[in-house]
Amino acid sequence: MSIASLWRTRQQRYSLQGEICPECHQAIFPPRDVCPHCSEAAGPLHTMSGRGEVYSYTKMFNVPDGFLAQRPYTVALVKLEEGPMVTAQLTDITDEDVEIGMPVEMVTRKLREEGDGGEIVYGYKFRPVLAAAD
Amino acid sequence: MSIASLWRTRQQRYSLQGEICPECHQAIFPPRDVCPHCSEAAGPLHTMSGRGEVYSYTKMFNVPDGFLAQRPYTVALVKLEEGPMVTAQLTDITDEDVEIGMPVEMVTRKLREEGDGGEIVYGYKFRPVLAAAD
Amino acid sequence: MRSVSIVGIGQIPVGEHWELSVRHIAYHAIAEALEEAGTEQVDALFVGNMLSGSLLSQEHLATLIADFSGLRNVEAAKIESACASGASALRIGHMAVASGMHDVVVVCGVEKMTDTSGESTTAGLATAADAEYEAAHGVSFVGLNALIMQRYMYEFDVPSDAFAGFSINAHRNGAKNAHAMFQKPISLDAYLNAPMIATPINIMDSSPVCDGAAAAVLVASEQAGTYVTGHHPGAVQILASASANDTIALHDRKDPLFLEAAYVSSQKAYVQSGVTPADVSFFELHDAFTIMSALSLEATGYARRGEGWHLAADDAIGPDGKIPISTLGGLKSRGHPVGATGMYQVVEAVQQLRGEAGQGQIGSASVGMTQNIGGSGATIVTHILGG
Amino acid sequence: MRSVSIVGIGQIPVGEHWELSVRHIAYHAIAEALEEAGTEQVDALFVGNMLSGSLLSQEHLATLIADFSGLRNVEAAKIESACASGASALRIGHMAVASGMHDVVVVCGVEKMTDTSGESTTAGLATAADAEYEAAHGVSFVGLNALIMQRYMYEFDVPSDAFAGFSINAHRNGAKNAHAMFQKPISLDAYLNAPMIATPINIMDSSPVCDGAAAAVLVASEQAGTYVTGHHPGAVQILASASANDTIALHDRKDPLFLEAAYVSSQKAYVQSGVTPADVSFFELHDAFTIMSALSLEATGYARRGEGWHLAADDAIGPDGKIPISTLGGLKSRGHPVGATGMYQVVEAVQQLRGEAGQGQIGSASVGMTQNIGGSGATIVTHILGG
Ligand SMILES: [Zn+2]
Ligand SMILES: [Zn+2]
């Protein structure tokens, strides 16, 4: 991602800023010009809570350029409690931890060492929500 | 250019290896599977003499990634004495030297500092042929 | 709309062609196809390719290939739809002839993936996904398919060896194809012990990185007789051609386990051709990953949701099965040079329909279906061909 | 073959859109075109784009844009022919409708060139040339055009200010176009004192790096009445569409000073439409560099070889001249977002033919010609449009 692209998506990467459709009231992430649910013009900005659960996950051994230092790592589809699903890495986990349905919460971490201009890229990852002692 | 591509084109870059068409007898550079002059299957390898003349030239001030250290430099279309034309940098010149029709000869020089794998890329450039004293 | 037929095919064996550049392998396929069609007169060249810009620093690829192939003053354009580029290019060629704009069109799918390092190629393949919201998080293309497979196994309670049959069938069939990258059968043990790429996808679930080029010559069916030279029994007609898309990001799909674009494009193709799933003699599906075979069979009318893998377990997908798939090795064994794959599928379907598939020939092949998938299911192109 | 008409156009002002990504600018143009056409029903989206893979790490671009634009279950494919990608995509859309395969097609040309550094973008543009035998030697795209211009000046004994008129005309016309990147006339002095990029090409000879997107909605002419909503006088018909190629490398041309592909594609277009050069009311040519304007005029029938620059010197190219060119600024002043340019040319031609070009309107515009060039003349696409 270029510096321009990183700048444009910073509110998404740092705080999961999406939208709520004024027509069908569904949450959308990232913001879109057209609501994918009802095709009307999409609506006001809305920051997601950052809580969700693991819909699926994979531990990756072969990774793309730019991510070699972190290998292997686990990527998940996380279903946010507001509805949208996001693709993100899991962090602060051991292999045994991860399972489908596991509650997770967003944290900000380094995504890759350097982008095209040498800059460090930060963004959302997800970690397990510790169950309250009961 | 990838290492594989550099390896495949090494005889072209180091020694201007082309072909002579067995059908129409025209020289071809670089080698082709089909002769561009007569459309027959192209022929046996033939190394060009490396002598030619400047067909056109340009002094470039804005240059692509990978060539910044050499900027500015002069690129020419060189018409080889065998017939084919090639695109190459001129070297060992001052600005005043260069003119259309100038006789030049091939030399091997560093083309760019490093390729995708960090390797140094060598290949043909052309320099003026010194006229014999008369 | 003029009916369109294929009167010549060409292909280079899939593999690692270190000694040949992208222009050389494309020319190999094009020259073979033109030779078969018995013509040097060409109006247009459409090239299906995904990665020449990002991996080879070479755009303007169709014109480069036309030039190197001795095709001057023709139309040339590159068509890109990620891994569905090959079949997308065939659709464009089809429209060019069907409209009457052109009479003789060459379509070539080509990809050169082994010039670059594994990590570069992996990054290149990830450009099929959303750069800002998928690839930015380090997910590879294998990873996206692994996310689908993991969830599929969870939701439908699928055993871990459920997909072995797809890989075993592909390799068994590929062993009979001289153009395949891998020409050796594999055992169940080999599948079960294969190293993981991205859990639960192991090496035997996944198609290989490779180079390849495949081409076809298209003419109006009414003129096909002029071009068929006696090298082969006859022209093969394109009975249907359809393409549909879905969200580019897997995470945006209504149901990430259902290939809606495969459903839509195959339904369109069935309607166009009047063919039903039961009429199809063989199905060259997009088995880039074993999970994709299951999902394709489900979306295309051969299995209910969550049950596509039963067809492999029951060997209904073998050469003598209910619906033979990957009959000459598929993406898994023949190989998956991404932008070329859609054209390999079509070239192989033509071989089957002509009865020229050699040891891989299936019995009574009269209708063949091919399906080419771009991204994690975002672009899906279906063709139905008949002898 | 069905006749095809344009019933909606859209465009975003050309410029540096730091705040918008490629998907946003494409959507802007597409939404505007669909709004004008008064339809939400779309069968296919063809996207002309050159650099999304190498500069943005985003392939599968057409599907990404279809998704973001709310176009689901449609066909989507990207068409790439270097800087001729836009017009090449229009040709594909034309064939899709002409064949009857689709009824409503959106064609969008889009390019995002300002996300990356100048050197990266320069390297990206060089992928239009032969990577192994041109770009490998450090020649930029400007450099290739400079080689043509230098030789042209030598061979035809052309004075150094001969090309000024092309740049002055473009800026004078662009000043009247609210979508143009540069909306200010320039003086002869400004041209003569402009810094060199690659001798003899100075900044005023060269079109700028920028972002842009332009789109059109295509339907069968016989159905055009249904879509024209009263926002504008009527549909514009595509009277001719032709593409031709030449060698990719400049050094391989029989005559590097003659645009053979422009000659071939314009001759085809004249034959298709029955239009002669004298019938053309205005000509949106590919003035990426002033030398290209001269060569296009020569290859297309407006000047003899070596004399194209006289037309600028005599101001035959102005709005009231014999052959008005770059009527809304051309590539020089409106800007040259490479893969989008061919569609800007077409959108502007539609504006002229509808009489909706505002201050830039030329008198009695009944037939417009557009010509889009890929590489140093290797792919050239010509369209002729009529009111
Ligand atoms: Zn909504
Ligand atoms: Zn010859």
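A, B, ... follow the sequence lines: proteins, then strands. Residue 1 opens every chain. Values below: all heavy atoms of this structure, side chains included; hydrogens, waters and symmetry mates excluded.
- Shown here for A:Met85 and C:Pro256, the closest heavy-atom pair between the two residues is CE-CG, 3.8 Å.
- With ring centers used as reference points, A:Tyr124 lies under 6.0 Å from C:His137.
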* To do: Tell me, with the steps shown, if C:Tyr154 and A:Glu99 meet side-chain contact (heavy atoms from CB on, under 4.5 Å).
  => CA-CA 10 Å; C:Tyr154 167 85; A:Glu99 57 180 21; over 6 Å; no

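- Both the backbone and the side chain of A:Phe61 come within less than 4.5 Å of a heavy atom in chain C.
- Contact of A:Arg109 with chain C is not made at all, since no heavy-atom distance falls under 4.5 Å.
- Although no hydrogens or angles enter the test, the distance criterion places no donor-acceptor pair under 3.5 Å between the side chain of C:Thr122 and the main chain of A:Pro64.
- Neither the backbone nor the side chain of C:Ala249 has a heavy atom closer than 4.5 Å to any heavy atom of chain A.
- Contact count versus chain C (heavy atoms, under 4.5 Å) is highest, among A:Met60, A:Lys125, A:Gln70, for A:Met60.
- Of the atoms belonging to C:Leu250, it is side-chain heavy atoms, and not backbone ones, that fall under 4.5 Å from chain A.
- Counting only distance, with no hydrogens or angles, the side chain of C:Arg151 and the backbone of A:Tyr55 share a donor-acceptor pair below 3.5 Å.
- The CG atom of A:Asn62 sits 8.5 Å away from the OG atom of C:Ser206 when rounded to the nearest 0.5 Å.
- Atom CG of C:Asp157 has 12 or fewer heavy atoms from other residues, nucleotides or ligands within 6.0 Å.
- Within the 4.5 angstrom heavy-atom criterion, no atom of C:Asp130 approaches chain A.
- Here the OH atom belonging to C:Tyr133 is positioned 7.0 Å from the CE atom belonging to A:Met1, to the nearest 0.5 angstrom.
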Does the pair A:Arg8 and C:Glu132 meet the rule for a side-chain contact (heavy atoms from CB on, under 4.5 Å), with working shown? CA-CA 10 Å; A:Arg8 285 191 298 262; C:Glu132 296 182 334; 4.2 Å; yes

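- Among the candidates A:Ile100, A:Leu111, A:Val78, A:Leu77, the residue making the largest number of heavy-atom pairs closer than 4.5 Å to chain C is A:Ile100.
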Note to self: Set out, in order, the CA-CA distance, both residues' side-chain angles and the distance that settles side-chain contact (heavy atoms from CB on, under 4.5 Å) for A:Val86 and C:Glu134, then state yes or no.
What the structure shows: CA-CA 8 Å; A:Val86 299; C:Glu134 294 187 309; over 6 Å; no

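- Judged purely by atom type and a 3.5 angstrom limit, A:Thr58 uses its side chain to pair as donor or acceptor with the backbone of C:Thr199.
- The parts of C:Ala136 that come within reach of chain A are both its backbone and its side chain, each placing non-hydrogen atoms under 4.5 angstrom from that chain.
- To the nearest 0.5 Å, atom NZ of residue A:Lys59 and atom CD of residue C:Gln150 are 12.5 Å apart.
- With a 4.5 angstrom heavy-atom cutoff, C:Val139 touches chain A via backbone and side-chain atoms both.
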